[in-house]
Amino acid sequence: MSTLAHTMMTAARPTENGLAGPGDLDRYSYGGTPATDRVGPPSWDGSDAELGRVGRRAAGSRGRGLHGQLVQQLGQMIVSGDLGADRPLVPEEIGQRFEVSRTVVRESLRVLEAKGLVSARPNVGTRVRPVSDWNLLDPDIIEWRAFGPQREDQRRELNELRWTIEPLAARLAAGHGREDVQQRLGDMVEIMGHSLTQGDVLTFSRADAEFHSLLIQLAGNRMLEHLAGIVSAALQVSGGPVTGCDRPTEVSLSHHARIADALAAGDGQAAESAMRQLLTVHPEVERVVPAPREH
């Protein structure tokens, strides 16, 4: 076992912040976190006097600053529909509700504006924008949708996108014989195998996310590489098994190993085929994107 694999297996243990993507391992909560542990449907005008403090406690578990916590709470409220399209957002009211300063409110609204969730106009103020204007590829919005009323739509759309991205990336990656990346892919498969025998779901999932990120990087297409964060987000949102990467199984592990072997052999067709099989381990995905016929 390589030093990298050993280090990852010993370091990747459950933490309070949970699972995250490659390069930012504490960004996302682990997908297996029970829904009851999450903040309930936000209410802007409801009778809950603890609204602001509840929002801060929930976001505080992510280790974010005040403005990041407010972004989290407002983002969830917008994506869930509790703050509907064209709803005016009054900074003074937000500050009072969430017990934060005007500076924190202003910074938070700027972040939400960059994500396409709100717009600020002179003489009009800040208003919630329609879904068509949102940056749906933003990792935060992916996460918020995945834990809100649009959960099923988000998972379906993510898996359709993965069907477009990852088989192509696997085929392209076979043409790039970078030994260092090939070694890391092998390390990830080894870690996943060890984690499976130990029942360590968290470590398996972290290695899984790293495997898919490395594969996209190995494809040598910068536009595909830009989408690697979407794949990581897809691997980390909850909502029931759809693909072979949602939970550790021997079948899922064998498909990852086949992909790594095909890449090492430079066999693009085999790598693409193995990736498609990985994404159809569970029959539910057949109703999302039908597997293509072999020619």
Is the shortest heavy-atom distance from the side chain of [X] to the side chain of [Y] under 4.5 Å?
| X | Y | answer |
| --- | --- | --- |
| Leu109 | Pro91 | yes |
| Gln183 | Asp180 | no |
| Asp86 | Val128 | no |
| Met188 | Leu214 | yes |
| Leu66 | Ser108 | no |
| Arg121 | Arg127 | no |
| Leu70 | Val111 | no |

Check [X] against [Y] and note the closest heavy-atom contact, atom names and distance.
| X | Y | value |
| --- | --- | --- |
| Ala174 | Asp267 | CB-C, 3.8 Å |
| Leu224 | Ile216 | O-CG2, 3.3 Å |
| Leu172 | Ala219 | CB-O, 3.7 Å |
| Thr280 | Trp163 | CG2-CZ2, 3.0 Å |
| His67 | Val104 | CA-CG1, 3.6 Å |
| Leu215 | Ala170 | CD2-N, 3.5 Å |

Can a side-chain donor-acceptor contact be found between [Y] and [X] if the only test is distance below 3.5 angstrom?
| X | Y | answer |
| --- | --- | --- |
| Gln72 | Trp144 | yes |
| Asp208 | His256 | yes |
| Asn221 | Glu225 | no |
| Gln269 | Ser273 | no |

List the steps, then state whether side-chain contact (heavy atoms from CB on, under 4.5 Å) holds for Gln154 with Arg151. CA-CA 5 Å; Gln154 178 67 99; Arg151 172 191 298 261; 5.9 Å; no
Residues forming a salt bridge (charged side-chain N to carboxylate O under 4.0 Å, His left out) with Arg258, sequence neighbours excluded: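 In terms of salt bridge (charged side-chain N to carboxylate O under 4.0 Å, His left out), with neighbours along the sequence ignored, Arg258 is linked to no residue.
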Hey, are [X] and [Y] close enough for a salt bridge, meaning a charged N less than 4.0 Å from a carboxylate O?
| X | Y | result |
| --- | --- | --- |
| Arg145 | Glu157 | yes |
| Arg276 | Glu272 | yes |
| Glu210 | Arg184 | yes |

Counting N and O atoms only, with roles assigned by atom type, does the side chain of [X] sit under 3.5 Å from a partner on the main chain of [Y], one being a donor and the other an acceptor?
| X | Y | result |
| --- | --- | --- |
| Ser205 | Val201 | yes |
| Ser252 | Thr249 | no |
| Trp134 | Arg129 | yes |
| Ser254 | Val251 | yes |

Between Asp140 and Glu143, does the side-chain contact (heavy atoms from CB on, under 4.5 Å) criterion hold? Intermediate values first, please. CA-CA 5 Å; Asp140 282 333; Glu143 181 183 12; 4.2 Å; yes
